[in-house]
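In what follows, residues are counted from 1 in the order of the sequence shown. Just so it is clear, the values below take in all heavy atoms, side chains as well, and ignore hydrogens, waters and symmetry mates.
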Amino acid sequence: MKIKKVLVSQPKPASEKSPYYDIAEKYGVKIDFRPFIKVESLSAKEFRQQKISILDHTAVLFTSRHAIDHFFNLCTELRVAIPETMKYFCVTEAVALYIQKYVQYRKRKIFFGATGKIEDLIPSIVKHKTEKYLVPMSDVHNDDVKNLLDKNGIQHTEAVMYRTVSNDFTSEEFDYDMLVFFSPAGVTSLKKNFPDFNQKEIKIGTFGSTTAQAVRDAGLRLDLEAPTVQAPSMTAALDMFIKENNK
């Protein structure tokens, strides 16, 4: 079966120069962008149930832009005024620069890692070992950050500030030859929206090993898995796959 219509479980690209648009034009394929999941803040009431006082902490560890958005949104809702003395530790410079959306960057003490891995940030955190760290997190997370901070004797509190929920689809708007997923939560959302989903000829592609495993665990057929040596990106993999299938 030729692939004519693809659903990519990601937000629509900000740039018109996205490789996805090149693929669509090259093969005459319609590509829609719609995340299967969305991220939303906990309410102030829900956060208070964790009995965590933000102002008991002197530093915040941000692992993503989502964490920054939901931290500052909750502070506003809770009417918590963050002191200028608060220190911010971020996994990358891009995440650190995003703080400018909420505070004056040059007036703050902000530290960031070079690789995007939390391990790379540990030396900076250890240099400020006396700080009390707050770690904003999603309701779905692993213990990697906790274990690393514990291992280095860092005083910290993990605070769930946001959650991942399914976007709702109707069967009328779900008519695709191929689905592309980037997270296990997206696969979960598919099963939630369509509990009787019958894959039949629909192709499924994934990016990342955990997402690929989620497709298999859901009892679905995985037709395209990226990244690979030949296709290090999802767009490169998709290009090769559509070319092969649409001969």
Side-chain angles (χ1 to χ4, degrees), residues 1-41 64-67 69-70 94 98 116 138-141 162-247:
M1 184 185 77
K2 284 193 174 184
I3 296 166
K4 297 175 183 174
K5 203 172 175 188
V6 180
L7 178 63
V8 176
S9 180
Q10 289 276 80
K12 188 176 181 179
S15 169
E16 291 297 321
K17 294 180 179 178
S18 166
Y20 283 110
Y21 296 128
D22 295 336
I23 292 170
E25 187 176 344
K26 188 174 176 182
Y27 299 108
V29 175
K30 187 176 191 302
I31 301 180
D32 289 339
F33 300 91
R34 184 168 172 187
F36 276 79
I37 54 173
K38 57 187 174 183
V39 179
E40 62 182 26
S41 288
S64 68
R65 295 182 185 185
H66 278 314
D69 282 332
H70 298 294
Y98 191 70
S138 166
D139 61 332
V140 179
H141 60 267
Y162 52 103
R163 65 167 73 87
T164 303
V165 297
S166 293
N167 261 332
D168 292 331
F169 287 80
T170 63
S171 54
E172 288 77 23
E173 60 184 355
F174 198 80
D175 177 27
Y176 294 95
D177 304 313
M178 184 170 187
L179 311 175
V180 178
F181 294 100
F182 289 80
S183 74
V187 181
T188 303
S189 175
L190 172 70
K191 298 295 278 187
K192 173 184 172 288
N193 277 284
F194 306 102
D196 300 320
F197 177 72
N198 189 344
Q199 186 175 357
K200 295 181 182 176
E201 294 298 310
I202 298 172
K203 309 295 185 187
I204 292 181
T206 58
F207 190 84
S209 57
T210 55
T211 309
Q213 191 57 47
V215 168
R216 296 187 188 102
D217 291 345
L220 299 170
R221 185 188 69 252
L222 183 60
D223 300 287
L224 172 64
E225 186 175 353
T228 64
V229 175
Q230 295 82 7
S233 68
M234 191 68 239
T235 47
L238 194 59
D239 189 315
M240 290 167 62
F241 189 77
I242 293 175
K243 182 180 181 181
E244 184 64 29
N245 276 267
N246 288 13
K247 280 180 178 177

Evaluate the criterion side-chain contact (heavy atoms from CB on, under 4.5 Å) for residue pair Val29 and Val6; output intermediate values, then yes/no.
CA-CA 7 Å; Val29 175; Val6 180; 3.8 Å; yes

Using 0.5 Å steps for rounding, measure from the CE atom of Met1 to the CD1 atom of Ile202.
7.0 Å

So how far is it from Leu190 CG to Leu7 CG, rounded to the nearest 0.5 Å?
9.5 Å

With no hydrogens and no angle check, do the side chains of Asp69 and Tyr162 hold a donor and an acceptor under 3.5 Å apart?
no

Any residue meeting side chain to side chain donor-acceptor pair (under 3.5 Å) with Arg65, in chain and number order, not counting sequence neighbours:
none

Donor-acceptor under 3.5 Å (Thr188 side chain, Pro184 main chain)
yes

Tell me the closest heavy-atom pair linking Gly208 and Pro227, and the distance in Å.
N-CD, 4.0 Å

Does the pair Phe181 and Phe207 meet the rule for a ring-ring contact (aromatic ring centres under 6.0 Å, His included), with working shown?
CA-CA 7 Å; Phe181 294 100; Phe207 190 84; over 10 Å; no

Here the gap from Asp196 atom CG to Lys191 atom NZ, rounded to the nearest 0.5 Å, amounts to 8.5 Å

So, does Ser138 use its side chain to make a donor-acceptor pair with the main chain of His141 at under 3.5 Å?
no

Residues that Lys192 engages under side chain to side chain donor-acceptor pair (under 3.5 Å), provided they are two or more places apart:
Asp168

Show every salt bridge (charged side-chain N to carboxylate O under 4.0 Å, His left out) that has at least one partner inside residues 9-36, sequence neighbours left out.
Lys26-Asp239, Lys30-Asp32, Arg34-Glu173

Val39 vs Arg163, side-chain contact (heavy atoms from CB on, under 4.5 Å): CA-CA, chis, key distance, verdict:
CA-CA 6 Å; Val39 179; Arg163 65 167 73 87; over 6 Å; no

Met178 to Ile3 - nearest heavy-atom pair and separation
SD-CD1, 4.0 Å

Applying side chain to side chain donor-acceptor pair (under 3.5 Å), can you list everything that pairs with Ser41, at least two apart in sequence or on another chain?
His70

For a quick test of reading the model, state the closest non-hydrogen atom pair linking Ala218 to Val187 and the distance between them.
CB-CG1, 4.1 Å

Spatial distance of atom CD (Gln213) from atom CG (Leu222) [nearest 0.5 Å]
9.5 Å

Would Phe197 and Leu220 count as a side-chain contact (heavy atoms from CB on, under 4.5 Å) if you check the C-alpha gap in whole Å, the side-chain angles of each, and the deciding distance to 0.1 Å?
CA-CA 9 Å; Phe197 177 72; Leu220 299 170; 3.8 Å; yes

Please, which pairs that meet salt bridge (charged side-chain N to carboxylate O under 4.0 Å, His left out) have at least one residue in residues 225-238, sequence neighbours excluded?
Arg216-Glu225

According to salt bridge (charged side-chain N to carboxylate O under 4.0 Å, His left out), does anything in residues 175-188 pair up with another residue at least two apart or in another chain? List the pairs.
none

If you take all heavy atoms of Asn167 and Lys38, which pair is closest and at what distance?
OD1-CD, 3.2 Å

Phe182 CZ to Ile37 CD1 distance, which is reported to the nearest 0.5 Å
11.5 Å

Looking only at heavy atoms, the pair that brings Ala67 and Ser64 closest together is N-OG, 3.1 Å

Identify the heavy atoms of Met234 and Ala226 that sit nearest to each other, and give their distance.
SD-CB, 4.2 Å

side-chain contact (heavy atoms from CB on, under 4.5 Å) between Gln199 and Asp223, worked out
CA-CA 11 Å; Gln199 186 175 357; Asp223 300 287; 3.4 Å; yes

Can you tell me how far OG of Ser9 sits from CZ of Phe33, rounded to the nearest 0.5 angstrom?
11.5 Å

